[in-house]
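Just below is one structure, and these are the notes that go with it.
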Amino acid sequence: MKIRLRDIFLKYPVLDGFRRSVLVGVCKTGTLFSTSTYPNTFFYPAESRPYLDNLWQEFGTAESKDEDQSKPAIFAIYHGRMVGLPSLRPNNKLTILISNSRDGEIIARALKEIGFSTARGSPAHGGVRGALEMKTAAKANSRLAMMVDGPRGPRYQVKQGLVRLAEITGLPIIPLVTHTRHNYWMDSWDNFMAPWWGTPMVHIFGHPIDIPRGITAEQSEQLTELLQSRMDRMREMAASFFVDAEKYNYKT
């Protein structure tokens, strides 16, 4: 009979609480390292610039240090590439939709300690509540972020829930794919990318995708496929960036 260490922790609440606290600390520390020690490179089309101004003030690349005037949008991110979230500055202007799963609780706690706002919900658990919280955040002029393939995968497969959220909030979708020069691929369903300390990172933003209100189910599927194709292409480009920079050609 195979006994997993995770099952032992789940059996004893005190141990499980300790486990979650440790993982929250690891997530928080790793994220703070990415904002302070990792060289960051950003690529984005001109059409996305109005949504990105001052998002990375603390990286020293913004042209203006004035009050953030960026327009709100929904950033589409892979579950396994959440290391790109710290690039969306400032923290207190971003609300992230996190699942109600046990792993989601760890992620949500870590993000809150860093300064992000979170909404909780997924198609399986609390989806309506999560959507309402995101809508409220959008009305408060907050940017939004959602993992396109979470919380159960398949990896890199865009779910239609993101298009529905964009329709509800009236915000455009901007895909974001992050890659690093050196990283460890974790043995998990999302193949989580854990960067080596201090490794260079590249963040590629796509063109905004506007979602009209009142779209049909067929139109929703078509827009989801459009986002899927763009993010697939962006992922290929990000992976090749550190391999052969001359082959990099951003046209999504």
Between Leu88 and Ile77, is a side chain to side chain contact (heavy atoms under 4.5 Å, CB included) present by the stated rule, with each step listed? CA-CA 11 Å; Leu88 300 174; Ile77 302 175; 4.1 Å; yes
Establish, from distance only, whether the side-chain atoms of Gln160 and Thr224 form a donor-acceptor pair under 3.5 Å.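 Their side chains do not contain a donor-acceptor pair, so the 3.5 Å distance test is not met.
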Please determine whether side chain to side chain contact (heavy atoms under 4.5 Å, CB included) holds for the pair Leu52 and Phe75, giving the CA-CA distance in whole Å, both sets of side-chain angles, and the decisive distance to 0.1 Å. CA-CA 11 Å; Leu52 304 178; Phe75 293 93; 3.7 Å; yes
May I ask whether Trp185 and Trp189 are part of the same hydrophobic cluster, defined by side-chain heavy atoms of I, L, V, M, F, W, Y residues being less than 4.5 angstrom apart, directly or through others? no
List the steps and the verdict of side chain to side chain contact (heavy atoms under 4.5 Å, CB included) for Lys159 and Val148. CA-CA 6 Å; Lys159 305 293 183 62; Val148 297; over 6 Å; no
If the condition is ring-ring contact (aromatic ring centres under 6.0 Å, His included), which residues does Tyr156 pass it with, not counting sequence neighbours?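 Only Tyr78 meet the ring-ring contact (aromatic ring centres under 6.0 Å, His included) criterion with Tyr156.
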Solution key, residues 131-139 side-chain donor-acceptor pairs under 3.5 Å, sequence neighbours excluded:
from: Glu133; atom 1: OE1; to: Arg120; atom 2: N; distance (Å): 3.1
from: Thr136; atom 1: OG1; to: Leu132; atom 2: O; distance (Å): 3.0

Can you name the closest pair of heavy atoms from Tyr51 and Ala73 and give their distance?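 Residues Tyr51 and Ala73, closest heavy atoms: CD2-CB, 3.8 Å.
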With side chains defined as the heavy atoms from C-beta onward, is the minimum distance between Ile74 and Leu162 less than 4.5 Å? yes
Under a 4.5 Å cut-off applied to non-hydrogen side-chain atoms, are Phe241 and Phe43 in contact? yes
Distance-only donor-acceptor pairs under 3.5 Å for side chains of residues 174-181, two or more places apart:
from: Thr178; atom 1: OG1; to: His203; atom 2: ND1; distance (Å): 3.0
from: Thr180; atom 1: OG1; to: His182; atom 2: O; distance (Å): 3.3
from: Thr180; atom 1: OG1; to: Asn183; atom 2: OD1; distance (Å): 2.8

Does Asp149 form a side chain to side chain contact (heavy atoms under 4.5 Å, CB included) with Val158? I'd like the steps, not just the answer. CA-CA 5 Å; Asp149 53 356; Val158 178; over 6 Å; no
